[in-house]
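Inspection log for the structure reproduced underneath, given as structure tokens.
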Amino acid sequence: MKVIGLTGGIGSGKTAASDAFHALGVNVIDTDLISHELTSKNGKAISLISSHFGSDYIDSEGKLDRKKMRELIFTNANAKLALEQIIHPLIEYEVAQQIQSSQGAYALVVVPLLFESQRYRSLVNYVIALDCSEEMQIERVMTRSQLSREAVKNIMQHQLSRSERNALANFILVNDGTKEALIEKVRLLHEQLLQLSE
């Protein structure tokens with residue numbers, strides 16, 4: 001079975017695209033969702049995070065205090081590395097398990113920083129990059145997350161540029177229009193991927 005990676009900068013529409021693939025019957029494996037499960041109440045990463053960083057970083061509901069952790073890792077490179085060393089092996093294990101149990105011609109693995117991290121490159125046969133203008137990315141994230149323009153730009157600076165990401169991808173999925181237009185583009189790409197997977 002082929003494994004297709006789906007990546008894209010913040011606000012490029014990864015969720016909308018993966019939802020469209022899922023609607024076509026594709027098994028979608030989302031690393032962000034897995035990360036949220038691992039750091040939610042009774043998640044496999046919680047006790048490891050608590051013993052390394054202290055119980056201050058676990059909220060009253062038993063979940064990772066994301067705001068507090070984000071503030072720490074933005075200013076402390078060692079803390080960021082320590083968190084990654086706890087979380088990433090658990091995510092990779094879960095991704096591998098889900099790929100093994102996948103049905104269908106191919107599985108889609110959504111990895112926001114696929115090219116930046118290199119962790120999943122050996123797992124995937126092809127990569128789709130979602131693309132739209134930087135202004136569109138900024139507008140979408142500001143609307144969705146109530147972040148300031150500066151905050152969004154700061155996140156984008158830690159990601160590959162559009163041109164770098166597109167140059168590394170096998171397929172580019174342009175998401176600069178309506179949701180319906182994206183769904184149609186996904187349908188056409190799905191047909192292509194089915195042929196590649198035969």
Applying side-chain hydrogen bond (donor to acceptor under 3.5 Å, both in side chains), can you list everything that pairs with [X], at least two apart in sequence or on another chain?
X	result
His52	none
Arg144	none
Ser12	none
Ser18	none

What I'd like to find out is whether the side chain of [X] reaches to under 4.5 Å of the side chain of [Y], using heavy atoms alone.
X	Y	result
Leu123	Val109	no
Ser148	Met142	no
Leu6	Asp30	no
Phe53	Ile86	yes
Arg121	Leu114	yes
Val124	Val127	yes
Leu182	Leu173	yes

Are the side chain of [X] and the backbone N or O of [Y] linked by a donor-acceptor pair below 3.5 Å?
X	Y	answer
Asp131	Ile172	no
Ser35	Thr31	no
Ser50	Ile46	no
Lys41	Gly62	no

- Query: Is the count of non-hydrogen atoms from other residues, nucleotides or ligands lying under 6.0 Å from His88 atom NE2 greater than 12?
  - Reply: yes
- If you draw a 6.0 Å radius around CD in Glu135, do more than 12 non-hydrogen atoms from other residues or ligands fall strictly inside? yes
Is [Y] reachable from [X] through a run of I, L, V, M, F, W or Y residues, each pair having side-chain heavy atoms under 4.5 Å apart?
X	Y	answer
Tyr126	Val110	yes
Leu83	Leu48	yes
Val28	Phe171	yes
Leu113	Val141	no
Leu168	Val111	yes

How long is the span from the [atom1] atom in [X] to the [atom2] atom in [Y], to the nearest 0.5 Å?
X	Y	atom1	atom2	answer
His36	Ile91	NE2	CD1	10.0 Å
Met69	Phe74	CE	CZ	13.5 Å
Met136	Asn175	CE	CG	7.5 Å
Tyr57	Ile73	OH	CD1	10.5 Å
Met156	Ser161	CE	OG	10.0 Å
Leu38	Leu33	CG	CG	11.0 Å

- Residue pair Leu108, Ile128: steps toward the side chain to side chain contact (heavy atoms under 4.5 Å, CB included) verdict: CA-CA 10 Å; Leu108 189 79; Ile128 303 163; 4.1 Å; yes
Side-chain donor-acceptor pairs of residues 188-198 under 3.5 Å, sequence neighbours excluded:
unit_1: His190; atom_1: ND1; unit_2: Tyr106; atom_2: OH; d: 2.7
unit_1: Ser197; atom_1: OG; unit_2: Leu193; atom_2: O; d: 2.7

- Task: Run the numbers on Arg162 and Ser133 for side-chain hydrogen bond (donor to acceptor under 3.5 Å, both in side chains), then give the verdict.
- Result: CA-CA 8 Å; Arg162 288 174 66 196; Ser133 73; 5.6 Å; no
Mind checking salt bridge (Lys or Arg N to Asp or Glu O under 4.0 Å) for [X] and listing every partner two or more places apart, or none if nothing turns up?
X	value
Lys2	none
Glu61	Lys63
Glu37	none
Asp176	Lys185

- Query: Does the distance from a Lys or Arg side-chain N to an Asp or Glu carboxylate O, for Glu150 and Lys153, drop under 4.0 Å?
  - Reply: no
- Message: Check this for me: does any side-chain nitrogen of one of Arg66 and Glu71 sit under 4.0 Å from a carboxylate oxygen of the other?
- Response: no
- Message: With side chain to side chain contact (heavy atoms under 4.5 Å, CB included) as the criterion, how do Ser102 and Ile29 come out once you've worked through the C-alpha distance, each side chain's angles and the decisive distance to 0.1 Å?
- Response: CA-CA 9 Å; Ser102 284; Ile29 302 163; 4.1 Å; yes
- Task: Begin with the C-alpha distance, continue with both residues' side-chain angles, and end with the deciding distance and a verdict on side chain to side chain contact (heavy atoms under 4.5 Å, CB included) for Leu64 and Asp59.
- Result: CA-CA 6 Å; Leu64 172 67; Asp59 70 15; over 6 Å; no
Work out which heavy atom in [X] is nearest to a heavy atom in [Y]; give both atom names and the distance.
X	Y	value
Ala17	Leu130	CB-CD1, 3.7 Å
Gly13	Arg140	N-NH1, 4.3 Å
Thr39	Ile87	CG2-CD1, 3.4 Å

- Task: Report the residues that fulfil ring-ring contact (aromatic ring centres under 6.0 Å, His included) with Tyr120, sequence neighbours left out, ordered by chain and then residue number.
- Result: none
- Partners meeting side chain to side chain contact (heavy atoms under 4.5 Å, CB included) with Arg165 (sequence neighbours left out): Thr7, Phe115, Glu116, Ala129, Gln159, Leu160
- Between Leu72 and Lys68, is a side chain to side chain contact (heavy atoms under 4.5 Å, CB included) present by the stated rule, with each step listed? CA-CA 6 Å; Leu72 175 69; Lys68 197 167 187 179; over 6 Å; no
- Query: Going by the salt bridge (charged side-chain N to carboxylate O under 4.0 Å, His left out) test, which pairs reach into residues 77-92, not counting sequence neighbours?
  - Reply: Lys80-Glu84, Glu92-Arg119
